[in-house]
Amino acid sequence: MKLITLRDLAIILSILIISVIFLAINFRDNGTYAEISYDGKVVKTVSLSEDSEFSVNDIKFSVKENSVCVVSSPCPDKICVKTGAIKRNGETIICLPEKVSVRIISDDKVSADIIVG
Ligand SMILES: [Zn+2]
(Lines give C-alpha, C1' and ligand atoms only; values in the text may rest on other atoms or scores of the structure.)
Protein backbone atom coordinates (compact mmCIF):
# COMPACT_ATOMS: atom_id res chain seq x y z
CA MET A 1 0.00 0.00 0.00
CA LYS A 2 1.37 3.38 -1.03
CA LEU A 3 1.44 6.18 1.52
CA ILE A 4 1.06 8.88 -1.09
CA THR A 5 -1.24 8.24 -4.03
CA LEU A 6 -1.19 10.10 -7.31
CA ARG A 7 -4.32 11.95 -6.23
CA ASP A 8 -2.60 13.14 -3.02
CA LEU A 9 0.36 14.25 -5.09
CA ALA A 10 -1.94 16.22 -7.41
CA ILE A 11 -3.58 17.93 -4.41
CA ILE A 12 -0.19 18.78 -2.87
CA LEU A 13 1.02 20.13 -6.19
CA SER A 14 -2.04 22.32 -6.70
CA ILE A 15 -1.72 23.68 -3.15
CA LEU A 16 1.91 24.51 -3.87
CA ILE A 17 1.01 26.22 -7.14
CA ILE A 18 -1.78 28.24 -5.47
CA SER A 19 0.62 29.28 -2.66
CA VAL A 20 3.20 30.46 -5.16
CA ILE A 21 0.54 32.46 -7.04
CA PHE A 22 -0.66 34.04 -3.79
CA LEU A 23 2.91 34.89 -2.81
CA ALA A 24 3.49 36.48 -6.20
CA ILE A 25 0.28 38.53 -5.89
CA ASN A 26 1.17 39.62 -2.34
CA PHE A 27 4.67 40.56 -3.40
CA ARG A 28 3.29 42.75 -6.18
CA ASP A 29 0.53 44.28 -4.05
CA ASN A 30 2.90 45.25 -1.26
CA GLY A 31 4.84 47.55 -3.56
CA THR A 32 5.11 50.90 -1.84
CA TYR A 33 6.50 53.95 -3.57
CA ALA A 34 7.40 57.50 -2.73
CA GLU A 35 6.16 59.97 -5.32
CA ILE A 36 8.11 63.22 -5.31
CA SER A 37 6.43 66.26 -6.82
CA TYR A 38 7.86 69.64 -7.65
CA ASP A 39 5.48 72.54 -8.29
CA GLY A 40 2.55 70.10 -8.53
CA LYS A 41 4.22 67.81 -11.06
CA VAL A 42 5.55 64.35 -10.29
CA VAL A 43 9.29 64.39 -10.94
CA LYS A 44 10.38 61.12 -9.37
CA THR A 45 8.96 57.82 -8.15
CA VAL A 46 11.09 55.70 -5.87
CA SER A 47 10.46 52.21 -4.57
CA LEU A 48 10.70 51.94 -0.78
CA SER A 49 11.72 48.30 -0.92
CA GLU A 50 15.33 49.27 -1.65
CA ASP A 51 17.40 51.60 0.51
CA SER A 52 18.66 54.58 -1.43
CA GLU A 53 19.50 58.27 -1.33
CA PHE A 54 18.58 60.91 -3.87
CA SER A 55 17.98 64.64 -4.18
CA VAL A 56 15.34 66.80 -5.79
CA ASN A 57 16.00 70.56 -5.96
CA ASP A 58 18.77 70.48 -3.33
CA ILE A 59 16.54 68.54 -0.97
CA LYS A 60 18.20 65.32 0.11
CA PHE A 61 16.00 62.28 0.65
CA SER A 62 16.81 58.97 2.22
CA VAL A 63 14.95 55.69 1.74
CA LYS A 64 15.51 53.27 4.58
CA GLU A 65 13.58 50.30 5.96
CA ASN A 66 10.54 50.91 3.71
CA SER A 67 10.23 54.54 4.73
CA VAL A 68 11.36 57.84 3.24
CA CYS A 69 12.54 61.00 5.00
CA VAL A 70 14.11 64.37 4.19
CA VAL A 71 17.72 64.40 5.34
CA SER A 72 18.49 68.02 4.53
CA SER A 73 16.87 70.96 2.80
CA PRO A 74 17.86 74.54 1.99
CA CYS A 75 14.46 75.83 3.19
CA PRO A 76 14.47 78.17 6.24
CA ASP A 77 11.83 76.46 8.41
CA LYS A 78 13.01 72.83 7.99
CA ILE A 79 9.45 71.57 8.55
CA CYS A 80 10.06 68.87 5.94
CA VAL A 81 13.14 67.62 7.83
CA LYS A 82 11.25 67.71 11.14
CA THR A 83 8.38 65.69 9.65
CA GLY A 84 10.64 62.65 9.85
CA ALA A 85 10.15 59.36 8.07
CA ILE A 86 6.88 58.39 6.40
CA LYS A 87 5.88 54.95 5.18
CA ARG A 88 2.10 54.54 5.19
CA ASN A 89 -0.10 54.92 2.15
CA GLY A 90 -1.23 58.54 1.79
CA GLU A 91 1.31 60.05 4.20
CA THR A 92 3.06 63.17 2.90
CA ILE A 93 6.05 65.40 3.53
CA ILE A 94 5.58 68.92 2.20
CA CYS A 95 8.22 71.59 1.78
CA LEU A 96 6.34 74.75 0.96
CA PRO A 97 9.35 77.05 0.40
CA GLU A 98 10.87 74.58 -2.10
CA LYS A 99 7.51 73.58 -3.64
CA VAL A 100 8.44 69.93 -3.13
CA SER A 101 6.17 67.26 -1.72
CA VAL A 102 6.53 63.54 -1.12
CA ARG A 103 3.58 61.19 -1.03
CA ILE A 104 3.49 57.50 -0.18
CA ILE A 105 1.65 55.37 -2.70
CA SER A 106 0.90 51.74 -2.03
CA ASP A 107 -0.30 49.20 -4.57
CA ASP A 108 -2.10 47.36 -1.81
CA LYS A 109 -5.54 47.56 -3.38
CA VAL A 110 -6.66 44.33 -1.73
CA SER A 111 -6.76 45.82 1.78
CA ALA A 112 -8.27 49.02 0.38
CA ASP A 113 -11.15 46.98 -1.06
CA ILE A 114 -11.69 45.28 2.29
CA ILE A 115 -11.90 48.67 4.03
CA VAL A 116 -14.40 49.94 1.44
CA GLY A 117 -16.52 46.77 1.47
ZN1 LIG B 1 11.49 72.31 3.80
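Quick caveat, the model's predicted, so the values are computed rather than measured.
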Taking atom CG as the centre, does Leu6 end up with more than 12 heavy-atom neighbours from other residues, nucleotides or ligands that are less than 6.0 angstrom away? no
Would you find more than 12 non-hydrogen atoms of other residues, nucleotides or ligands less than 6.0 Å from Lys78 atom NZ? yes
Taking only distance into account, with no hydrogens and no angle test, what donor-acceptor pairs under 3.5 Å do side-chain atoms of residues 45-53 form with protein atoms, sequence neighbours excluded?
from, atom 1, to, atom 2, distance (Å)
Ser47, OG, Ser49, N, 3.2
Ser47, OG, Ser49, OG, 2.7
Asp51, OD1, Glu65, N, 3.3

Please report the interatomic distance [atom1]([X]) to [atom2]([Y]), rounded to the nearest 0.5 Å.
| X | Y | atom1 | atom2 | answer |
| --- | --- | --- | --- | --- |
| Ile11 | Ile4 | CD1 | CD1 | 11.5 Å |
| Lys99 | Ile59 | NZ | CD1 | 12.0 Å |
| Ile105 | Asn89 | CD1 | CG | 8.0 Å |
| Ser106 | Asn66 | OG | CG | 10.5 Å |

Yes or no on side chain to side chain contact (heavy atoms under 4.5 Å, CB included) for Val71 and Ser62, after CA distance, side-chain angles and deciding distance? CA-CA 6 Å; Val71 179; Ser62 170; 3.3 Å; yes
Any heavy-atom pair between the side chains of Arg103 and Ser37 that's under 4.5 Å? no
Is the backbone of Asp58 close enough, under 3.5 Å, to the side chain of Ser55 for a donor and an acceptor to pair up by distance? no
Is there a chain of hydrophobic side chains (I, L, V, M, F, W, Y, each step under 4.5 Å between heavy atoms) that links [X] to [Y]?
| X | Y | answer |
| --- | --- | --- |
| Val70 | Val43 | yes |
| Val68 | Val56 | yes |
| Tyr38 | Ile79 | no |

Atom of [X], atom of [Y] and distance for their closest heavy-atom approach:
| X | Y | value |
| --- | --- | --- |
| Val102 | Ile86 | O-CD1, 4.1 Å |
| Lys87 | Ile104 | O-CG2, 3.5 Å |
| Ala85 | Cys69 | CA-CB, 3.6 Å |

Determine which pairs satisfy ring pair (Phe, Tyr, Trp, His ring centres under 6.0 Å) with at least one residue from residues 44-102, sequence neighbours left out, and list them in order. Phe54-Phe61
Side chain to side chain contact (heavy atoms under 4.5 Å, CB included) for Val100 and Cys80? Distances and angles first, verdict last. CA-CA 9 Å; Val100 171; Cys80 50; over 6 Å; no
Can you list everything that forms a salt bridge (Lys or Arg N to Asp or Glu O under 4.0 Å) with Glu91? Sequence neighbours excluded, please. none
